[in-house]
**Q** 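Here it is, the structure, as structure tokens.
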2 protein chains.
Amino acid sequence: MCDRGAELVSSAELADGSGTTAAQVRKDLSNFGSFGKRGQGYAVEELRARLESILGLVRPRRVAVVGAGKIGSALLGYRDLTSRGFEIIVAFDIDPDKVGRTVFGVPVLPMNELEHRLAADGIEIVILATPPAVAQEVANRVTSAGVAGILSFAASKLETDGSLAVRWMDVALELEGLSFLISAATNGVEEP
Amino acid sequence: MCDRGAELVSSAELADGSGTTAAQVRKDLSNFGSFGKRGQGYAVEELRARLESILGLVRPRRVAVVGAGKIGSALLGYRDLTSRGFEIIVAFDIDPDKVGRTVFGVPVLPMNELEHRLAADGIEIVILATPPAVAQEVANRVTSAGVAGILSFAASKLETDGSLAVRWMDVALELEGLSFLISAATNGVEEP
DNA sequence: ATGTTCTTGTGAACTCTTTCACAAGCCTCG
DNA sequence: CGAGGCTTGTGAAAGAGTTCACAAGAACAT
Ligand SMILES: NC(=O)c1ccc[n+]([C@@H]2O[C@H](COP(=O)([O-])OP(=O)(O)OC[C@H]3O[C@@H](n4cnc5c(N)ncnc54)[C@H](O)[C@@H]3O)[C@@H](O)[C@H]2O)c1
Ligand SMILES: NC(=O)c1ccc[n+]([C@@H]2O[C@H](COP(=O)([O-])OP(=O)(O)OC[C@H]3O[C@@H](n4cnc5c(N)ncnc54)[C@H](O)[C@@H]3O)[C@@H](O)[C@H]2O)c1
């Protein structure tokens, strides 16, 4: 909307564009203050700035990827992250064939430099893209290196202290969700 | 648990392993019938079978990937999907350099064969991994081909009729969530 | 048999989220 | 300047989802 030069946007328009309702948009935003203009809507540029600050993206977040395999490499080439406020600074891998290369402009470093470089580069978020079997071990090292958040692609439970935020992305789980919806829409539940 | 040969599992154990509470597990399962054994727990093998049938995964679901780029190719090599009940049968791309090849054992076909092959191969779910700009167009074609669900990696709104289920996976959105949690844990919201 | 120990299944209570509905405020136009 | 048209912000109502707490049953030892 900023790019299109729109000045104002109503809660109804925002709701439309994001699959929710106008009341929901207003209620949600009101949790962070009241910065709309009655009779007008929200000033687009101000709203953008507010959301940026609510999300903690006033400065770009510094991100590292651990595991430069299939999914890890794909992420290293995911250009859109920059425009959403994230910079992938560095990647790590244990495979000697991968270490030392540069993938989509991002250097792949060996695991023995992990803690040192996470700290030196001021990494705030680690994207975990190793096999599930080693995810816990990597998470431990990342935690002790003082990183603030982990986004894990490994579908394994991670035991962490409360000192960092953890989220998962699980493709199979989403497919299961789709499968459930599809079943519900057609057969209903099929007896086992 | 089946592999480990466990016979029975309690709601408390299930809760433990999945980050929820025992009461929640029981309430959720009770929505689909009552198949636990009082005093004992749930029979592991029966529970597996029930969940499989609830999720509609008694038979593997047939999946196609559209867009064999960075993320699309990674998915074609995602072996764990098979064990979770999904078979990636085929991929499609518009780039002549990609069409005709086989990526991780999956053939990449040209877009002009899309509708025909989706139908011929009995594809139920399409994973959308094209640039966002063409996602809507592809979604339209996929819809009219009678596919039942779409999992989109493109962070663009898709307009679809109610005939299919749609889900999104948005890496940047998850990172934004992490960033918010991190901010909340440290500064609080920073003024814009 | 009976008592003990366990764990499910589930109403009822509680908490959290969403929707409703309208006063308050801003802008434009006559 | 006041009326009319919009849209926000927000209490209150309605609706969902979660947790509590306990009766009902199952196994097993005595
Ligand atoms: N491929 C996909 O599309 C996909 C999709 C979703 C999730 N996942 C998950 O993401 C993870 C990675 O999957 P992938 O398909 O990219 O696998 P992959 O084998 O291609 O990549 C894994 C990478 O991790 C590296 N690695 C192994 N042990 C390591 C260690 N101890 N420390 C650091 N690096 C180590 C390997 O050298 C390899 O480069 C898995 O947990 C997988 O389940 C994959
Ligand atoms: N790279 C990542 O890690 C990543 C992560 C999450 C989401 N995404 C999203 O996934 C999508 C793909 O990203 P990518 O990084 O793989 O890009 P990419 O450019 O590597 O791949 C896109 C592929 O789509 C093909 N394509 C283009 N137009 C097409 C059309 N009309 N029909 C069929 N195929 C077409 C291209 O030939 C290319 O192979 C984008 O929407 C991106 O935002 C990417």
**Q** Which atom names give the shortest non-hydrogen contact between A/Lys70 and B/Gly77, and what distance separates them?
**A**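 Reported closest heavy-atom pair: CE-O, 3.0 Å.
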**Q** Under 4.0 Å between a side-chain N/O of B/Arg26 and OP1 or OP2 of C/dG9, yes or no?
**A**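 No, no such contact exists.
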**Q** Verify whether one side chain among B/Arg84 and A/Ser179 offers a donor that lies under 3.5 Å from an acceptor in the other.
**A**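 The criterion, which ignores hydrogens and geometry beyond distance, is not satisfied for A/Ser179 and B/Arg84.
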**Q** Which heavy-atom pair separates A/Ala64 from A/Leu118 by the least distance, and what is that distance?
**A** CB-CD2, 3.9 Å
**Q** Would you compute the distance between atom CD of A/Glu113 and atom CE of A/Met111 and round it to the nearest 0.5 angstrom?
**A**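 The CD atom of A/Glu113 sits 11.0 Å away from the CE atom of A/Met111.
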**Q** Taking only the side-chain nitrogens and oxygens of B/Thr21, find out if one of them lies under 4.0 Å from OP1 or OP2 of D/dT19.
**A**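 Checking B/Thr21 against D/dT19: at least one side-chain N or O falls below 4.0 Å of OP1 or OP2.
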**Q** Looking at B/Ser10, does any N or O in its side chain come under 4.0 Å of the phosphate oxygens OP1/OP2 on C/dT7?
**A**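 For C/dT7, OP1/OP2 do not have a side-chain N/O of B/Ser10 under 4.0 Å.
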**Q** Here's a test of your reading of the structure: between B/Lys27 and B/Val9, which maps to the more 5' nucleotide of DNA chain C?
**A**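 Comparing both residues, the 5'-ward one is B/Val9.
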**Q** Any Lys/Arg nitrogen of A/Glu87 or A/Arg62 sitting under 4.0 Å from an Asp/Glu carboxylate oxygen of the other?
**A**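 Result for this pair is yes, salt bridge flagged.
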**Q** Under 3.5 Å, is there a donor-acceptor pair between the side chain of B/Arg48 and the main chain of B/Met1?
**A** no
**Q** Expressed in angstrom and rounded to an integer, what is the separation of B/Leu29 atom CG from C/dG9 atom P?
**A**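 That distance rounds to 8 Å.
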**Q** Looking at DNA chain D, which of residues 37-45 of chain B put a heavy atom within less than 4.0 Å of it?
**A**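 Within residues 37-45 of chain B, the residues near DNA chain D are B/Arg38, B/Gly39, B/Gln40.
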**Q** It should be established whether A/Ser11 places a side-chain nitrogen or oxygen under 4.0 Å from OP1 or OP2 of nucleotide D/dT8.
**A** yes
**Q** Rounding to a whole Å, what distance do you find between A/Phe35:CZ and D/dT7:P?
**A** 18 Å
